[in-house]
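Keep in mind that what you see is a predicted model, and the values were worked out from it rather than measured.
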Amino acid sequence: MAQQAYMTETDSGGSGPRRSDRFRNLLRVRGIWRRGIVLAVCAVLLALVMTAHTRIPNAIGNLGSLVDTFLPWLGLLIPVLLVLGLIRRSATALIATILPAAIWLDLFGGLLTDKTDTGGDLTVATHNVNAENPDPAATARDVAASGADILALEELKASEVATYERALASTYRHHAVVGTVGLWSKYPLSDVQAVDIRLGWKRAMRATVTAPAGQVAVYVAHLPSVRVKLEAGFTARQRDKSADALGEAIADEPLTNIVLLGDLNGTMNDRALNAVTSQMRSTQGAVGSGFGFSWPASFPMARIDQILVKGAQPESSWTLPATASDHLPIAARVKVTGD
């Protein structure tokens, strides 16, 4: 009886949880929400950078353009934040990670689907062949095998131009080379001229291609290179000036169907190329599958080689197999519209 009385006095009321247990459970639940505040802040900051990347100033080292160029890769930070949130067992961090994930999908989710079509009446391709290409003849044969009706080549070394001409002669009856860029076509070329992109030497050209479906103004351009330097940031001033000049030339083009092929040394996200990208459509963005990264060929991280159209309608866009160059060639199929 004494033992029973003792148990009755010390029991908290049957088999229910003790107050101390309920208190510990409450602290545990609160801890799930209180932990990971720093991770949550990082997730929100990441979301802000992706949302407002165009507002990041270029005044210091062209930081804004640098972020623009590699913007898709910021998505790699999202699974890192997710894993850290799980390790910390933080509900706050996990929920906060949803924000940058949603923004990334809004920006780039459309590139993850295959939007290619089977239409079009003109296949175009472009390739920066690299001035130091160890096998230009093989590179020329590789890109010609793509079946392109129109082929643009950039970074042509003067001493190797004849090699490309010989290798492509059997596929393309018409061609023109201006400075370090060239255009090869199965259809007649006319009105071939250099395009002044304010460099002091020729790295852009324009020609009229008379295709079966109609005339097309084809521009080939190789904008100045950019560099990422610790002491200077993203050095792109000359590239930006040339992009403005190229945009002016395209805006003044009298023909309805315009195709721009080339190495623009910038992505469609880079606000410094707005003079061009604001008036033209990217075939990869419109009808491609995936990001279509083209550089560097060994581990593509950015699509700096572009096929842009105005008037002409993009139907499909894709990346071609690697050659001996440090860039990947790219191709697209477009439909020529009526004037």
Side-chain angles (χ1 to χ4, degrees), residues 17-115 226 228-230 232-234 236 266-274 277-278 281-282 284-296 299-304 319:
R18 297 181 181 182
R19 291 181 180 177
S20 59
D21 292 337
R22 290 199 299 269
F23 183 68
R24 282 195 294 269
N25 288 337
L26 181 60
L27 289 178
R28 189 178 297 113
V29 171
R30 289 181 176 177
I32 290 175
W33 291 98
R34 288 179 176 176
R35 286 194 297 268
I37 297 299
V38 173
L39 291 175
V41 170
C42 290
V44 172
L45 289 176
L46 177 60
L48 287 173
V49 169
M50 289 193 292
T51 302
H53 67 95
T54 58
R55 296 182 179 274
I56 299 174
N58 264 337
I60 302 176
N62 282 302
L63 179 61
S65 286
L66 180 61
V67 174
D68 294 343
T69 299
F70 297 103
L71 191 63
W73 292 95
L74 292 181
L76 292 179
L77 297 176
I78 296 172
V80 173
L81 291 172
L82 181 62
V83 170
L84 292 176
L86 290 171
I87 293 174
R88 288 284 292 149
R89 292 182 296 175
S90 168
T92 302
L94 293 176
I95 291 175
T97 304
I98 295 174
L99 183 60
I103 293 172
W104 190 93
L105 287 173
D106 180 62
L107 290 172
F108 304 110
L111 295 175
L112 302 180
T113 60
D114 188 350
K115 303 180 290 297
V226 297
V228 180
K229 300 179 180 180
L230 291 177
F234 194 59
T267 68
M268 291 297 291
N269 293 318
D270 191 339
R271 89 284 302 267
L273 301 184
N274 279 350
T277 57
S278 63
R281 299 176 68 191
S282 162
Q284 185 66 25
V287 294
S289 176
F291 289 94
F293 294 149
S294 63
W295 177 88
F299 188 82
M301 297 184 65
R303 186 180 177 86
I304 62 175
T319 302

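- When I87, L77, L94 are each tested for a side chain to side chain contact (heavy atoms under 4.5 Å, CB included) with L82, only one passes: L94.
- Annotation: the span from L71 atom CG to H53 atom NE2 amounts to 5.0 Å, rounded to 0.5 Å.
- Sorted pairs that involve residues 46-60 and meet salt bridge (charged side-chain N to carboxylate O under 4.0 Å, His left out), not counting sequence neighbours, are lacking altogether.
- Partners of L45 by side chain to side chain contact (heavy atoms under 4.5 Å, CB included), not counting sequence neighbours, listed by chain and number: V41, L48.
- Taking T277 as the reference, nothing meets the side chain to side chain donor-acceptor pair (under 3.5 Å) condition, with sequence neighbours excluded.
- For A101, the side chain to side chain contact (heavy atoms under 4.5 Å, CB included) test picks out I78, with sequence neighbours left out.
- For L39, the side chain to side chain contact (heavy atoms under 4.5 Å, CB included) test picks out L81, L84, R88, A93, with sequence neighbours left out.
- Here the shortest heavy-atom pairing between D114 and S289 reads OD1-CB, 3.7 Å.
- Going from atom OG of S65 over to atom CG of N269 covers 10.5 Å, rounded to the nearest 0.5 Å.
- Here CG of L86 is found 8.5 Å from OG1 of T97. Values are rounded to the nearest 0.5 Å.
- Heavy-atom minimum distance, G285 versus L111: CA-CD2, 4.0 Å.
- Here P79 pairs with nothing under the side chain to side chain contact (heavy atoms under 4.5 Å, CB included) rule; sequence neighbours left out.
- Remark: T54 OG1 to D270 CG distance equals 11.5 Å, nearest 0.5 Å.
- For residues 73-105, every residue pair satisfying the ring pair (Phe, Tyr, Trp, His ring centres under 6.0 Å) rule, not counting sequence neighbours, is listed here: W73-F293, W104-F108.
- Nearest heavy-atom pair, G36 versus S90, reported as atom, atom and distance to 0.1 Å: CA-OG, 3.5 Å.
- Considering CD1 of I103 and CG of L46, their distance stands at 8.0 Å, rounded to 0.5 Å.
- To the nearest 0.5 Å, the span separating CD1 on I304 from CE on M268 amounts to 14.5 Å.
- Q284 approaches K115 most closely through the heavy-atom pair O-NZ, 4.4 Å.
- Applying the salt bridge (charged side-chain N to carboxylate O under 4.0 Å, His left out) definition to pairs two or more places apart or across chains, those involving residues 64-84 are D68-R271.
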